[in-house]
Amino acid sequence: MPKISQKGIQMPESPIRKLVPFSEAAKKRGIKIYPLNIGQPDIKTPAVALNAVKNNSLEILAYARSEGSEAYREKLTQYYSRNNIHVSAADIIVTTGGSEALSFTLGSITDAGDEVIIPEPFYANYNGFSVANNTKVVPIVSSIDTGFALPAIEEFEKLITPKTKAILICNPGNPTGYLYSKEEIEKLKILVLKHDLFLIADEVYREFVYDGNTHNSIMSLNGLDQHAIMIDSVSKRYSMCGARIGCVISKNTAFIQTVLKFAQARLSSPTYALIASEAALETPQSYFDEVITEYVARRDILISELNKIPNLKVSTPKGAFYCIVELPVADADDFAQWMLEKFEDNNETIMVAPASGFYSTPNAGKNQIRIAYVLNQKSLIRSVQLLNLALTQYNG
Ligand SMILES: Cc1ncc(COP(=O)(O)O)c(C=O)c1O
């Protein structure tokens, strides 16, 4: 039989989606499942974006420009400038989701075996994009006890080798909810300049910052023009995950020209989704104010309910809509599957993402799960009640 590639074999399963067969089976048994595993917000997409597609009278659904239209990229620069990020249309390549932006970035800066240092736990698909691009992930552990703050810069420095090409951070963090401070970003800047590395920041959760904190983009740092690469997406900002539009931004022209070649090879991002994304830029500030208020309320209720469970550890997220929860179980993968296969209360259970897939250090995060607080407050309260009951039964 013809053989599958080593790369294909090494491609990791998504920890967020791998329990789907068990949840589908549970649904067939009539069980209601609260999905805390996936970052699919239940928030409505802005009407202005949906209407732009609905009211469109296109007669040919043509290809778009590979890098995204001039008009859309110009409007993006205005959005960024309101966020203290000053870039020009030429610095932006529009992509099919932040996912493609990440993949094109690794494709553009790494050769086989080149290394990228990433604080873990990290967004699990970084593993997948790295395998696909033959990039080696070098993890650096951040701890739940510090709320997943940036590890000491000396620890980063110890990991730098001649193969290191970049440091990749996610700010605010998925799955940690950590928001890097200005000082932490400045420390990374000094390090990447010293070793002439790229600093990649995945800022797709920029709007989701709580408690009066401000988001510090790497694109606002002086002196980092040749080194900074920013990843962005409309998925979470406008609750438009299905549009599949994102972008990659850098002032490094050699990098952008290289990304453009990857973009040309896939021709263009989907035209209707581009129309929706461009219109979404007209979303009023009141939309975001309401969304942020709702997420803060969800976070607060979730964390206070979780803290009532004995022997459980969680740190309060400062941004995004996820948290890592350390459970009194040895194997959270087994526990998460058990909740779908063997547990129910009043015909209800929960689906969570085992956190081991958010680490690349073997056996790290074995007793942790990630919870996405993308459900309404009542559902979150019920979900934590189910988690508590499940823990008691599982450990009983
Ligand atoms: C941190 C992070 N980066 C990138 C992505 C990819 O987003 P998309 O491809 O939907 O733009 C996600 C999606 O959940 C994410 O959480």
Side-chain angles (χ1 to χ4, degrees), residues 12-18 20 35-43 45 49 68 72 76 79 92-107 116 118-130 132-133 137 139 142 148 166-180 200-209 215 217-218 229-249 259 262-263 266 269-270 273-274 276-277 280 295 317-324 352-353 355 357-360 370-374:
E13 271 184 309
S14 162
I16 304 159
R17 291 169 185 258
K18 72 179 177 186
V20 168
L36 304 170
N37 58 312
I38 193 160
Q40 169 58 63
D42 63 349
I43 304 282
T45 305
Y72 179 38
L76 278 173
Y79 156 78
I92 304 175
I93 304 267
V94 176
T95 55
T96 308
S99 302
E100 194 181 66
L102 283 156
S103 208
F104 285 176
T105 296
L106 293 180
V116 175
I118 317 179
E120 68 177 359
F122 53 74
Y123 174 53
N125 286 329
Y126 294 164
N127 275 326
F129 303 136
S130 300
N133 285 287
V137 170
S142 68
F148 300 104
I167 294 173
L168 166 58
I169 58 166
C170 182
N171 189 31
N174 171 11
T176 63
Y178 188 74
L179 180 71
Y180 290 113
I200 311 165
D202 180 339
E203 302 186 359
V204 305
Y205 295 96
R206 175 180 310 104
E207 270 73 20
F208 302 90
V209 168
H215 177 255
S217 172
I218 60 158
I229 299 171
M230 186 180 84
I231 306 296
D232 211 348
S233 165
V234 304
S235 291
K236 315 292 162 156
R237 180 176 314 138
Y238 307 113
S239 198
M240 271 172 60
C241 296
R244 314 303 311 124
I245 297 295
C247 65
V248 51
I249 304 188
V259 172
F262 284 86
R266 65 79 165 108
S269 292
L274 288 165
S277 302
Y295 275 115
K318 298 181 195 171
F321 34 71
Y322 307 95
C323 60
I324 291 282
V352 297
F358 296 88
Y359 289 83
S360 73
R370 184 194 74 168
I371 289 182
Y373 43 100
V374 290

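For clarity, every value in this text was computed on a predicted model and none was experimentally measured. Ligands are counted one by one from 1 in listed order, and the atoms in each one are counted from 1 as well.
- Summarising the contacts of atom 9 (O) of ligand 1 with A243, G39, S99, the nearest heavy atom is found in S99.
- Ligand 1 has at least one atom lying under 4.0 Å from a heavy atom of R244.
- Looking at K236, its side chain does come within 3.5 Å of a backbone N or O of G39 through a donor-acceptor pair.
- F262 CZ to I93 CD1: the interatomic distance, rounded to the nearest 0.5 Å, is 11.5 Å.
- The closest side-chain donor-acceptor pair between T45 and S239, if any, does not fall under 3.5 angstrom.
- Proximity of C170 to ligand 1 is established by a heavy-atom distance of less than 4.0 Å.
- Set against the non-hydrogen atoms of Y205, the atoms of ligand 1 under 4.0 Å away are 1 (C), 14 (O), 15 (C), 16 (O).
- Of all atoms in ligand 1, numbered sequentially from 1 with element shown, those under 4.0 Å from a heavy atom of G97 are 9 (O), 11 (O).
- Aromatic pair F148/Y178: ring centres not closer than 6.0 Å.
- Contact atoms of ligand 1 toward N174: 1 (C), 15 (C), 16 (O) (distance under 4.0 Å to a heavy atom of the residue).
- What sits closest to atom 13 (C) of ligand 1 on the protein, heavy atoms only, is Y123 OH, 3.3 Å.
- Against a heavy-atom cut-off of under 4.0 Å, S235 is close to the following atoms of ligand 1: 8 (P), 10 (O), 11 (O).
- Using a 30° and 60° split on the angle between ring planes, F129 and Y123 fall in the tilted class, from 30° to 60°.
- Taking the six-membered ring where tryptophan is involved, the planes of F208 and Y205 are perpendicular, since the angle between them exceeds 60° and thus also 30°.
- With values rounded to the nearest 0.5 angstrom, I231 atom CD1 is found 9.5 Å from I249 atom CD1.
- With respect to atom 2 (C) of ligand 1, the closest heavy atom belonging to the protein is D202 OD2, 3.4 Å.
- Considering N127, L168, N174 in turn, N127 is the only one that fulfils the side-chain contact (heavy atoms from CB on, under 4.5 Å) rule with F122.
- On a distance-only criterion, T96 and ligand 1 share no N/O pair closer than 3.5 Å.
- For ligand 1, the polar-atom distance check finds an N/O of G98 within less than 3.5 Å of one of the ligand's N/O atoms.
- The ligand atoms of ligand 1 that sit less than 4.0 angstrom from a heavy atom of K236 are 13 (C), 14 (O).
- Defined by atom type and a distance below 3.5 Å, a donor-acceptor pair is present between the side-chain atoms of N133 and S103.
- Those atoms of ligand 1 with a heavy atom of S233 less than 4.0 angstrom away are 8 (P), 11 (O).
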